Amino acid sequence: MKKRDTIVRYTAPERINHWITAFCFMLAAISGLGFFFPSFNWLMYVLGTPQLARILHPFVGVVMFASFIIMFFRYWHHNLINKEDIFWAKNIRKIIANEEVGDVGRYNLGQKFVFWSAILLLILLLVSGVIIWRPWFAPAFPIPVIRFGLMLHSFAAVGLIVVIMVHIYAALWVKGTITAMVEGWVTKSWAKKHHPRWYRELRQKQEKSTE
Ligand code: HEM
């Protein structure tokens, strides 16, 4: 691929930030499923031993949260909902049939949904995680609050796992997207096809800077 046919979508620090979040998510999700179902107990070995998994799982969760917060402040303004998104949602049938609709900016409504769900679920996971974190914080809370915390933590975890499965599926489904987060670039034709308004805005910025 010639350099002039490509556009930078993510810089190296952005990609490192994303993959740290993704790596922590994998470790936390796998070890968490290991605690949850007796038949999945063997998954706890992802963090060494079951005892280590019990100690490390909350710390991995906190690192995932901290890493995602950096992503949140990087991208929140690209994920605000606008009227093009309503048009996109009304034409969801076409999207499923692999057609592009509307003047999509840097992210489409599906990606925005993943973004806002991720921050909401991660906040719920952090708050409930602190409440149930033995031996450090849990003793400060009454038993009914800990029970509620455990339920909330489990529901939020299942929710985040489902949301990230959708995220991974979409990243693989739209050809050329994985390169964006692995190598940092996309082709101009990818940008024009999937994110036409983002492409136009980038070109306008480039033209202004060369004037
Ligand atoms: C584990 C496997 C994962 C894969 C293969 C993956 C893949 C990708 C790819 C290819 C992109 C670029 C999409 C684009 O620019 O159009 C992306 C963006 C992004 N990813 Fe992931 N990702 C993974 C996990 C995660 C996790 C665990 C989170 C958060 C908890 C996350 C949050 C994001 C966010 C926030 C963006 C930017 C999109 C936006 O702001 O709407 N990803 N990911």
Side-chain angles (χ1 to χ4, degrees), residues 14-72 74-76 79 89 92 95-96 107-174 177-178 180-182:
E14 285 180 287
R15 282 177 274 143
I16 293 168
N17 187 181
H18 174 270
W19 291 118
I20 289 175
T21 313
F23 185 62
C24 291
F25 167 80
M26 287 296 181
L27 291 181
I30 294 172
S31 55
L33 286 172
F35 303 147
F36 205 66
F37 300 107
S39 52
F40 280 174
N41 279 171
W42 54 277
L43 289 177
M44 289 190 269
Y45 286 94
V46 72
L47 287 175
T49 64
Q51 292 78 3
L52 257 180
R54 180 57 197 80
I55 294 167
L56 293 178
H57 173 93
F59 289 100
V60 173
V62 170
V63 175
M64 166 170 68
F65 184 85
S67 177
F68 188 81
I69 283 296
I70 301 172
M71 293 180 73
F72 178 80
R74 280 189 208 275
Y75 306 125
W76 70 269
N79 284 286
I92 192 74
I95 308 288
I96 293 166
Y107 298 118
N108 63 38
L109 184 63
Q111 292 174 299
K112 292 178 182 179
F113 170 78
V114 168
F115 181 84
W116 294 110
S117 309
I119 186 67
L120 176 76
L121 292 167
L122 282 168
I123 290 172
L124 292 180
L125 281 167
L126 183 77
V127 173
S128 57
V130 167
I131 293 172
I132 62 176
W133 194 342
R134 292 195 181 97
W136 309 110
F137 306 106
F141 297 95
I143 299 284
V145 175
I146 298 178
R147 284 191 185 139
F148 181 73
L150 273 165
M151 196 181 68
L152 189 62
H153 202 72
S154 314
F155 276 110
V158 171
L160 188 62
I161 291 170
V162 171
V163 165
I164 296 303
M165 280 166 72
V166 171
H167 176 64
I168 297 173
Y169 181 76
L172 296 171
W173 185 40
V174 181
T177 307
I178 286 287
M181 205 38 108
V182 176

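Treat the numbers as computed from the prediction; the structure is a model and nothing was measured.
- Between Phe65 and Ile69 the shortest side-chain heavy-atom distance falls below 4.5 Å.
- Residues passing the side-chain contact (heavy atoms from CB on, under 4.5 Å) test with Phe141, sequence neighbours excluded: Ile131, Phe137, Val145, Ile146.
- Nearest heavy atoms, Trp173 versus Ile95: CH2-O, 3.4 Å.
- The side-chain contact (heavy atoms from CB on, under 4.5 Å) check on Ala157 picks up Leu125, with sequence neighbours excluded.
- Using a 4.5 Å cut-off on side-chain heavy atoms (C-beta onward), Met64 and Phe23 make no contact.
- Around the CE atom of Met151, the shell of radius 6.0 Å holds more than 12 heavy atoms that belong to other residues, nucleotides or ligands.
- Rounded to the nearest 0.5 angstrom, Leu152 CG and Arg147 CZ are separated by 16.0 Å.
- Ala138 and Ile132 make their closest contact through CB-C, 3.9 Å (heavy atoms, listed as atom of the first residue, atom of the second, distance).
- The distance from atom CD1 of Ile70 to atom CD1 of Ile16, rounded to the nearest 0.5 Å, is 11.5 Å.
- Heavy-atom minimum distance, Ser154 versus Leu150: OG-O, 2.7 Å.
- Partners of Gln111 under the side-chain hydrogen bond (donor to acceptor under 3.5 Å, both in side chains) rule, at least two apart in sequence or in another chain, do not exist in this structure.
- Looking only at distances, no side-chain donor or acceptor of Arg15 sits under 3.5 Å from a matching main-chain atom of Met181.
- Rounded to the nearest 0.5 Å, atoms CH2 (Trp19) and CD (Glu14) are 13.5 Å apart.
- The aromatic rings of Trp116 and Phe72 sit perpendicular to each other, their planes meeting at more than 60°, with 30° as the lower class boundary.
- When every heavy atom of Ala53 is checked against every heavy atom of Phe35, the shortest pair comes out as O-CZ, 3.6 Å.
- Heavy atoms of other residues, nucleotides or ligands lying less than 6.0 angstrom from CH2 of Trp42 number 12 at most.
- For the pair Leu33 and Phe40, the tightest heavy-atom approach, listed with the atom from each and the gap, is O-CB, 3.5 Å.
- Leu121 CG to Leu126 CG: the interatomic distance, rounded to the nearest 0.5 Å, is 12.5 Å.
- Note that CD1 of Ile55 and CZ of Arg134 are 14.5 Å apart. Values are rounded to the nearest 0.5 Å.
- Rounded to the nearest 0.5 angstrom, Leu124 CG and Leu120 CG are separated by 5.0 Å.
- In this structure the side chain of Trp133 reaches within 4.5 angstrom of the side chain of Val62, judged on heavy atoms.
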key: Pair Tyr169-Ile164, side-chain contact (heavy atoms from CB on, under 4.5 Å): steps then yes or no   = CA-CA 8 Å; Tyr169 181 76; Ile164 296 303; over 6 Å; no

Residues Ile119, Trp76; criterion side-chain contact (heavy atoms from CB on, under 4.5 Å); working and verdict = CA-CA 10 Å; Ile119 186 67; Trp76 70 269; over 6 Å; no

message = One pair to check against side-chain contact (heavy atoms from CB on, under 4.5 Å): Phe115 and Tyr107. What are the steps and the verdict?
response = CA-CA 10 Å; Phe115 181 84; Tyr107 298 118; over 6 Å; no

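- The side-chain hydrogen bond (donor to acceptor under 3.5 Å, both in side chains) check on Asn17 picks up Ser67, Arg74, with sequence neighbours excluded.
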task = Mind running side-chain contact (heavy atoms from CB on, under 4.5 Å) on Arg54 and Met44 for me, showing each step along the way?
result = CA-CA 8 Å; Arg54 180 57 197 80; Met44 289 190 269; over 6 Å; no

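- Considering all non-hydrogen atoms of both residues, Gly149 and Ser128 come closest at O-CB, 3.4 Å.
- Every residue two or more places apart in sequence or in another chain that forms a side-chain contact (heavy atoms from CB on, under 4.5 Å) with Ala89 is listed here: Leu109.
- Applying the side-chain contact (heavy atoms from CB on, under 4.5 Å) criterion to Val46, with sequence neighbours excluded, gives Leu27, Ile30, Ser31.
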